Amino acid sequence: MKTFKVAKRLILPVLAFGLAATAVYQPAAAAPAADTVFLAPHRAVYDLKLTKSRGSRGIEAVRGRILYDFSGNACDGYELQFRQVSELDSGEGKTALSDVRSTTWEDGNAKAFRFNSKNLRDDKQTDAVDGHADRNGKTVAVSLSKPKETTFTVPVSAVFPTEHMRRIIVAAREGKSILEFPVYDGSETGEKLYSTLTVIGRAIAPGSKPPDDAAAKIPELAKLTRWPVTISYFEQQDEAAQRSGEQTPVYSLGFELYENGISRALVLDYTDFTIKGEMTSLELKKPKPCP
């Protein structure tokens with residue numbers, strides 16, 4: 001059914017979302033120093049709605065919500081509780097309810113990553129992933145206990161989600177507009193490695209273009225710079241396929257990124273339909289300083 005296929009695509013992670021420039025690939029660059037990027041512990045809620053539907057596989061309506069609960073610090077590591085619930089109407093007289101829940105923890109030095117997730121459709125579990133990844137000097141070793149016990153490696157150049165966000169913020173501060181990294185986030189069956197292309201737009205100075213969502217109620221954010229960011233996620237390809245032509249992203253995530261890691265104005269583009277995520281609630285949690 002079309003509704004089921006669309007619901008499956010919403011399992012793709014959120015996260016951790018017009019320039020002509022040469023991509024800068026940094027395969028083994030050291031992670032940013034822990035004290036150069038402060039990621040604010042916070043709890044945000046985004047309400048989802050369909051904004052565009054294209055082609056024969058288009059859908060009639062989407063409504064839902066994302067809960068994004070981020071905590072931790074560079075010393076203890078970063079924990080994310082994430083949930084995305086979406087109801088999809090295909091126009092066929094049937095709807096599908098997609099419920100994605102995940103918990104991740106990432107070491108402050110980007111050397112270890114733990115992840116646990118499950119996906120439900122119409123209140124019935126369809127997928128579950130549980131595993132961890134550890135970085136050494138030559139590779140990233142991944143071990144899964146769900147959906148099946150297996151071990152494998154991904155290139156040492158792969159970054160974890162929080163490290164990816166930190167690198168985007170550092171690059172934005174330095175005035176860079178393009179970043180390219182493979183990202184391992186434990187999504188889908190836990191064996192997926194995405195190639196990503198991040199485009200960073202012109203900085204929005206503190207106090208400029210005041211937001212009209214929940215971010216407007218947090219005075220601290222008005223003092224921070226933010227940037228429009230778009231991250232496109234691609235299937236991994238071999239060199240021959242890469243030379244054959246331009247590759248279409250599996251999906252892309254757009255957002256405005258504050259320099260403390262908070263994101264607003266989400267846009268999730270799944271090629272044949274686009275969903276907007278409006279921040280309707282934002283709570284800054286008291287940060288726990290490093291010893």
Side-chain angles (χ1 to χ4, degrees), residues 12-17 19 21-37 39 72 74 77-78 80 102 104-115 117 129 131-144 150-200 227 229-255 257 261:
L12 296 171
V14 169
L15 333 80
F17 267 43
L19 299 176
T22 302
V24 178
Y25 182 50
Q26 303 173 353
D35 59 354
T36 63
V37 177
L39 299 177
Y78 302 100
L80 174 63
S102 72
T104 63
W105 176 88
E106 187 172 328
D107 174 56
N109 292 322
K111 293 183 177 180
F113 178 54
R114 298 198 298 263
F115 49 93
S117 66
V129 178
H132 61 88
D134 298 283
R135 185 188 309 278
N136 56 43
K138 297 181 179 179
T139 190
V140 175
V142 181
S143 177
L144 300 178
T150 186
T151 59
F152 57 94
T153 62
V154 297
V156 72
S157 58
V159 297
F160 302 138
T162 302
E163 179 190 2
H164 192 201
M165 185 67 69
R166 291 169 57 208
R167 292 189 184 217
I168 292 172
I169 293 171
V170 169
R173 288 173 175 172
E174 294 175 350
K176 296 179 181 178
S177 59
I178 298 289
L179 288 178
E180 190 174 22
F181 288 111
V183 171
Y184 180 77
D185 58 12
S187 63
E188 296 196 37
T189 63
E191 298 185 55
K192 179 73 71 173
L193 179 68
Y194 286 104
S195 298
T196 67
L197 177 67
T198 301
V199 179
I200 305 169
W227 298 267
V229 173
T230 300
I231 307 175
S232 297
Y233 293 78
F234 300 86
E235 298 280 1
Q236 288 274 299
Q237 290 187 324
D238 57 30
E239 292 184 5
Q242 290 174 358
R243 290 193 298 268
S244 65
E246 184 176 350
Q247 186 182 3
T248 301
V250 177
Y251 74 106
S252 63
L253 174 62
F255 51 95
L257 175 63

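Just so you know, these numbers come straight off a predicted model, no measurement behind them.
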Apply side-chain contact (heavy atoms from CB on, under 4.5 Å) to the pair T196 and F234, showing each step before the final yes or no. CA-CA 6 Å; T196 67; F234 300 86; 5.9 Å; no
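- Listed here is the closest heavy atom pair of L39 and G261: CD2-CA, 3.9 Å.
- Side-chain contact between P161 and E106 is present, with heavy atoms from C-beta onward closer than 4.5 Å.
- In this structure T198 satisfies the side-chain contact (heavy atoms from CB on, under 4.5 Å) test together with H164, I168, L179, I200, V229, I231, sequence neighbours excluded.
- Ring geometry for Y251 against Y194 counts as perpendicular: the plane angle is over 60°, on a 0 to 90° scale with 30° as the lower cut.
- Under the 3.5 Å distance criterion, the side-chain polar atoms of T151 are left unmatched by any main-chain donor or acceptor of V142.
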**Request:** Could you walk me through whether V37 and R166 pass the side-chain contact (heavy atoms from CB on, under 4.5 Å) test, one step at a time?
**Result:** CA-CA 6 Å; V37 177; R166 291 169 57 208; 4.2 Å; yes
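- Using a distance-only test at 3.5 Å, with no hydrogens or angles considered, a donor-acceptor pair links the side chain of Y184 to the main chain of G190.
- By the 4.0 Å N-to-carboxylate-O rule, K192 lies close enough to E235 to be salt-bridged with it.
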Check: How far apart are the C-alpha atoms of T139 and V154, what are their side-chain angles, what is the distance that settles it, and do they pass the side-chain contact (heavy atoms from CB on, under 4.5 Å) test?
Finding: CA-CA 6 Å; T139 190; V154 297; 5.9 Å; no
Take T104 and Y78, measure what side-chain contact (heavy atoms from CB on, under 4.5 Å) needs, and give me the verdict at the end.
-> CA-CA 8 Å; T104 63; Y78 302 100; over 6 Å; no
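- To the nearest 0.5 angstrom, S252 atom OG is 10.5 Å from L197 atom CG.
- Taking both residues in full, the closest heavy atoms of V140 and A133 are given as CG1-CB, 4.0 Å, listed atom of the first, atom of the second, then distance.
- Of the inter-residue distances, the one linking L257 atom CG with T230 atom OG1 reads 11.5 Å to the nearest 0.5 angstrom.
- Note: R114 CZ to S143 OG = 13.0 Å, rounded to the nearest 0.5 Å.
- To the nearest 0.5 Å, atom CE of residue M165 and atom CG of residue L80 are 10.0 Å apart.
- A search for ring pair (Phe, Tyr, Trp, His ring centres under 6.0 Å) contacts involving F160 returns F113, not counting sequence neighbours.
- Between A158 and L193 the shortest heavy-atom distance is CB-CD1, 3.9 Å.
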task = Before giving the answer on salt bridge (Lys or Arg N to Asp or Glu O under 4.0 Å), spell out for E163 and R135 the whole-Å C-alpha distance, their side-chain angles and the decisive distance to 0.1 Å.
result = CA-CA 13 Å; E163 179 190 2; R135 185 188 309 278; 3.3 Å; yes
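- Considering OG of S187 and CZ of F115, their distance stands at 9.0 Å, rounded to 0.5 Å.
- In this structure a side-chain-to-backbone donor-acceptor pair under 3.5 Å is present from D107 to N109.
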